[in-house]
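We name chains A, B, ... by the order of the sequence lines, and we start the count at 1 in each one. FYI, side chains are in, hydrogens and waters are out, and symmetry mates aren't considered; it's all heavy atoms of this structure.
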Amino acid sequence: MSSDLETRTRYEPSEAEPRVFERWEQSGRFHPEPEGTPEENYSIAIPPPNVTGALHMGHALNGSIQDALIRHARMQGRNAKWILGTDHAGIATQTQVERMLRSQGTSREEIGREAFIERTWEWREQYGGTIIEQYKRLGASADYTEERFTLDSAYAHAVQKVFVDLFAKGLIYRDNYMVNWDPGSRSAISDLEVEEREVTDTLYYVDYPLESGRGSLTIATVRPETMLADTAIAVHPDDDRYTRLVGETAILPIVGRRLKIIADPYVKPGFGTGALKITPGHDPNDFEIGRAHGLEEISAIGEDGRMTPEAGERFQGMTALEAREAVVAALREAGAIARTEPYTHNVPFSHRSGERIEPLISLQWFMRMEELVEPAIEVVTSGRIKIHPENWTRVYLNWMENIRPWCISRQLWWGHQIPVWYRGEETYCGMEAPEGEGWVRDPDVLDTWFSSGLWPFATLGWPEDTPQLRAFYPTDVLSTGREILFLWVARMIMFGIEFAGDIPFTDVYLHSIIQAPDGRRMSKSLGTGIDPLALIEGGPRPPVYGSGAHPPGEFPAYGADAVRFGLLAMSSSQDVRFNEDKVAQGRQLANKLWNASRLVLLRAPDELPQPQASTVEDAWILSRLQRAKAATERAFETFEFHRAVLGLYDFVYGELCDWYLELIKPRLYADDNAEVSAVALHVLSETLALAHPVIPFVTEEIWSFVPGSGGLLMAQPFPAADEALIDDVAEAEIARAIEAVEELRGGRDRVGAPPGRTLEARLDAGGYDRTLDAVARLARVEWSTNGTQPVATVPVPGGSIAILTSDAVDTEAEARRTAAARQRLDGEIARAEGKLANRGFVDKAPAQVVEAERAKLARLRSELEALD
RNA sequence: GGGCGGUUAGCUCAGCUGGUCAGAGCGCCUGCCUUACAAGCAGGAGGCCGGGGGUUCGAGCCCCUCACCGCCCACCA
């Protein structure tokens, strides 16, 4: 294997990653034994992806986050379990299978419920494993040995138990109530599955004649077809225009129904005509008003989206849209339409099917939330559960405080069937079918979110008292997108407290949403989505992703580490545009680590002493390493993953490779290099361990070449910062040397020195005692004490360096350059002097800030002086 | 209608409690096939930190306000 290291100058993720994953999985370390307490252990329950799903960017980002957290905890020596599984995803899955059936020329109605469910299970067998395999490709160190599915029999048992218990407590009830009817999936959906879209409709002004014959009342509506179900007209109680009419009766055009004119403060006098038709059967507000006033509820539109017999013979069977046209035509004919105007407003649509929601009254199961909400609020206000970023806490609390009943029944076949049976007037709720003949089970299934609300504990075996539950519940972190904070997170908290007896997790991390490069949502239908696997293994790059350095065509095979790095680097603010450069940056980092390791490993002797700093650069890199470790640790603690990865990148490039390795090359190439090898290897090993949670593959691969490493990097301790190794003196000296080298290189360039040429230079600055040779070598100069006139002078910390020789010097340009440098220094000196002359600054600023300013001034002055 | 983010180099973004904070990656320009890496190395150009007020000795960083952009929540026909 070591031949790879010698010959390969490029790290090949596609070659290494599958091999490394194999080793991990074989090691059994993804599966923790259910030992110890939840406090000692660490666990994360994955937001279960839909079985129907394929890995998208959201999964990949969240997977990268969770895996980083899990690996970090595991390396800290904690028994770490990443609970894995998939969700049966009622509507989504049923839709997919129905589509398949249609393509086969049949339908679910045709084959019947039992066969349909069977087909769906088959479908799941065939396609349900896809996303799990994709998580593996990402490097997810989840517990694959205990994969869960929300329809597994044990899980179903938990769901039934929760329902039965809540029913017994009276929190679940059945009622005729206004629901969001989704004509697309032919099911009720919850408020949270409704999305508002802006639509321009026509606002019709319709005259409703008064029964008294004394004129008419004009109302405004965008849905004239619903007037067939009107049962009243409402005006505001203080609306002087109408108060005299309250209690009178109007006649519903076309239908002729008598409508009472009522007063209700809900009506906005300023909107439309100030008179509102009340349709309790088809409008949520009207429904409330109707119940408050005891109005009749008429259902003119049925669950099939067509007009019911109650709409009248003329309209029965029409779709709502057809009925609208017919009603308008009839009204026009009767001269009842006063006028029309275009009207733009928000209209509810189904999140799932995309169809316009039809509010209607339906017999559904509901869950009362007040009792469960209270403790779920308390655990957050008390800080037992922390939400990150913090400002989402208020959003959570606000929603919880205004919570409404949850419609939990769905008119689907795929899901947890409601454990309720009916016989005549009797209703039975229980885990098993009731004894006796003639019972019919409720055909509806539960909202998918009802079952996924039990995820953190049902996956661990609840309601049984299992070792897994005892070892890993409560879990530690729940990482997810904020769009399901209410849909899912809030419900897990409520169910967790109520049924598992404790909060389900202590931290909720709401990650960024990654958008397409043009700022739109990543979506299949828009063509703005990309497949993370295409990034990892190579694949099509859609047009919106192609530009500049990344033209449309194919993604290169970046590898999983690069994708993980890139996604974490992008995840800073709440909405972030996908940036392929960041992924490329991750690939460069992997490659850099690989090559840095080659430099160190291929030269390290077999016998190494204890690593110990013997030079200033050794002390420097050890000191910088401690800072990198502390910064990484802090980033993990605060869920600031972009800082963790970009900080690592900066350390590896800006300190380890660009400077430390360059500084030690002469020592490394010497015959007796054991001492420096020991330090270099130590720093390399710690860096690999530090980076492992975010780029696990390449670090693990390199680790296998580290002499004496033995075992897996994933099982090594996570490096902790050692304060004792912080060395401010060494840091200052190397910082100074680096600046001098950079200044000199710039100077060389300006005097036109060929890259290979060694120049004569004179150091007119202090503080370089231990770095003289290093500066000379890295800047390719030879120190001289020659007092001749320099061809160029560069300012460096503590003075200046005079460049004495050169082949082709543009003295004029260099003079301009020196003048510019002088001008800059003059300016900075003036600014510093001004600051220090300011009494306010000297008196009020902290002493150390003032001191630093004085030191800065002194330094600038000496640099200016040295230029002359 | 309420709330939350964002507006910093050509592009995508960092800038933690206000004091070397004006940065990174990519792109661009100039050199280098220097014995870890050409998917590399070195150097360089490029920004009144969205506009306007204010607080402060000192403000991308705090306050107010305006303007756009994005998202979440919300029962105005």
Side-chain angles (χ1 to χ4, degrees), chain A residues 5 9-11 178 191-192 196 203 219-223 226 234 266-268 270-273 275-279 283-288 343 345-346 348 359 389 391-392 394-395 398-399 402 482-483 485-486 513 515 517 519-521 547-550 556 569-570 572-582 584-585 587-588 590-603 631 634-635 638 640 642-643 646 649-650 653-654 657-658 661-662 665 668-669 742 745-750 754-756 780 828 835 838-846 848-850 852-853 856:
Chain A
L5 204 57
T9 60
R10 292 204 303 211
Y11 172 65
M178 172 75 46
D191 293 344
L192 290 169
E196 303 284 329
L203 187 60
I219 57 89
T221 179
V222 290
R223 301 201 59 194
T226 64
Y266 166 77
V267 182
K268 297 263 161 82
F271 189 90
T273 61
L276 176 62
K277 75 185 195 65
I278 300 299
T279 319
D283 183 279
N285 305 311
D286 295 5
F287 177 78
E288 298 292 340
Y343 179 63
H345 61 147
N346 287 333
N391 47 303
W392 285 89
R394 256 181 53 214
V395 180
N398 193 36
W399 186 75
N402 296 297
R482 57 186 176 276
E483 73 275 6
L485 178 61
F486 308 133
I513 301 298
Q515 305 167 326
R520 289 186 293 172
R521 278 198 97 96
S547 71
H550 311 295
M570 285 175 230
S572 49
S573 55
Q574 84 175 21
D575 298 298
V576 131
R577 294 179 183 206
F578 181 80
N579 183 196
E580 189 175 339
D581 289 340
K582 286 281 191 291
Q585 203 179 338
R587 178 179 58 168
Q588 309 301 59
N591 191 242
K592 196 71 172 173
L593 278 173
W594 174 256
N595 280 298
S597 304
R598 293 178 65 227
L599 174 66
V600 174
L601 293 171
L602 293 175
R603 264 153 210 88
R634 200 164 50 240
T638 54
E640 294 173 292
H642 66 288
R643 281 202 192 162
L646 295 172
Y649 182 94
D650 286 343
Y653 267 77
C657 293
D658 288 353
L661 294 182
E662 293 302 331
K665 268 184 183 170
L668 220 42
Y669 280 96
E742 285 174 339
R745 283 173 177 165
R748 295 180 59 99
D749 216 45
R750 286 191 303 279
R780 298 214 175 174
E828 284 190 44
K835 232 174 172 179
N838 183 337
R839 289 286 298 275
F841 175 70
V842 180
D843 292 347
K844 295 188 182 178
Q848 62 186 55
V849 174
V850 178
E853 199 63 30
K856 180 181 167 190

Using the closest heavy atom to pick a nucleotide of RNA chain B for each, name whichever of A:L203 or A:N595 lands nearer the 5' end.
A:N595
Closer to the 5' end of RNA chain B via nearest nucleotide, is it A:K665 or A:W399?
A:K665
Take atom [atom1] in [N] and the same atom in [M], then report the distance between them in whole Å.
N     : M     : atom1 : result
B:A22 : B:G47 : C1'   : 8 Å
B:C26 : B:G40 : P     : 7 Å
B:G23 : B:A38 : P     : 30 Å
B:A74 : B:C4  : C1'   : 15 Å
B:G18 : B:G2  : P     : 31 Å
B:G43 : B:C11 : C1'   : 23 Å
B:C29 : B:U7  : C1'   : 29 Å
B:G46 : B:C64 : P     : 36 Å

Looking at A:D650 and A:R643, is there a salt bridge between them, counting it only when a charged N and a carboxylate O are closer than 4.0 Å?
no
So, A:K665 and A:E662, do they make that salt bridge, N to O below 4.0 Å?
yes
With respect to the phosphate group of [N], does any side-chain polar atom (N or O) of [X] fall under 4.0 Å of OP1 or OP2?
X      : N     : answer
A:H550 : B:C11 : no
A:Y343 : B:A77 : yes
A:R394 : B:C4  : yes
A:R521 : B:C72 : yes
A:R577 : B:U12 : yes
A:H345 : B:A77 : yes
A:Q588 : B:G25 : no

Would you kindly give the [atom1]-to-[atom2] distance between [X] and [N], to the nearest whole Å?
X      : N     : atom1 : atom2 : answer
A:E196 : B:G2  : CD    : C1'   : 14 Å
A:L5   : B:C37 : CG    : P     : 12 Å
A:M570 : B:G6  : CE    : P     : 19 Å
A:D658 : B:G40 : CG    : P     : 12 Å
A:K856 : B:C21 : NZ    : P     : 10 Å

Taking any heavy-atom pair under 4.0 Å as a contact, classify A:D283: base, sugar-phosphate, or nothing.
nothing
So A:Q515, base contact, sugar-phosphate only, or nothing? Heavy-atom distance under 4.0 Å.
sugar-phosphate
Parallel, tilted or perpendicular: rings of A:H345 and A:Y343 (30°, 60°):
tilted
Anything under 30° is parallel, anything over 60° is perpendicular, the rest tilted; go ahead and classify A:W594 against A:Y11.
tilted
Using modelled atom types only, decide if a donor and an acceptor are shared between the side chain of A:R577 and the backbone of A:Q515 within a distance under 3.5 Å.
no
What heavy-atom pair brings A:L5 and A:L602 nearest, and what distance separates the two atoms?
O-CD1, 3.8 Å
Non-hydrogen atoms of A:E640 and A:T638 that approach each other most closely:
OE1-OG1, 2.6 Å
Could you list the protein-to-nucleotides 28-34 of chain B atom pairs, N/O on both sides, closer than 3.5 Å?
none

Pairing of RNA chain B as dot-bracket, 5' to 3': ( ) intra-strand, [ ] crossing, | other strand, . unpaired, with Watson-Crick or G-U pairs under 3.5 Å?
(((((((..((((.....[...)))).(((((.......))))).....(((((..]....))))))))))))....
To the side chain of [X], which of [options] is closest?
X      : options             : answer
A:T221 : B:C13, B:G19, B:A77 : B:A77
A:N579 : B:G70, B:U12, B:G19 : B:U12
A:E742 : B:G43, B:A24, B:C37 : B:G43
A:F486 : B:C73, B:A77, B:G19 : B:C73
A:R643 : B:G15, B:C13, B:A77 : B:G15
A:R745 : B:G43, B:A24, B:C41 : B:G43
A:K268 : B:A74, B:A77, B:C4  : B:A77

Test for a donor-acceptor pair under 3.5 Å between the base of B:A39 and the side chain of A:R10, counting only N and O atoms.
yes
Picking from A:N285, A:I219, A:T221, A:V267, what satisfies side chain to side chain contact (heavy atoms under 4.5 Å, CB included) with A:L276?
A:V267
Step by step, would you call A:R598 with A:T9 a side-chain contact (heavy atoms from CB on, under 4.5 Å)?
CA-CA 8 Å; A:R598 293 178 65 227; A:T9 60; 3.5 Å; yes
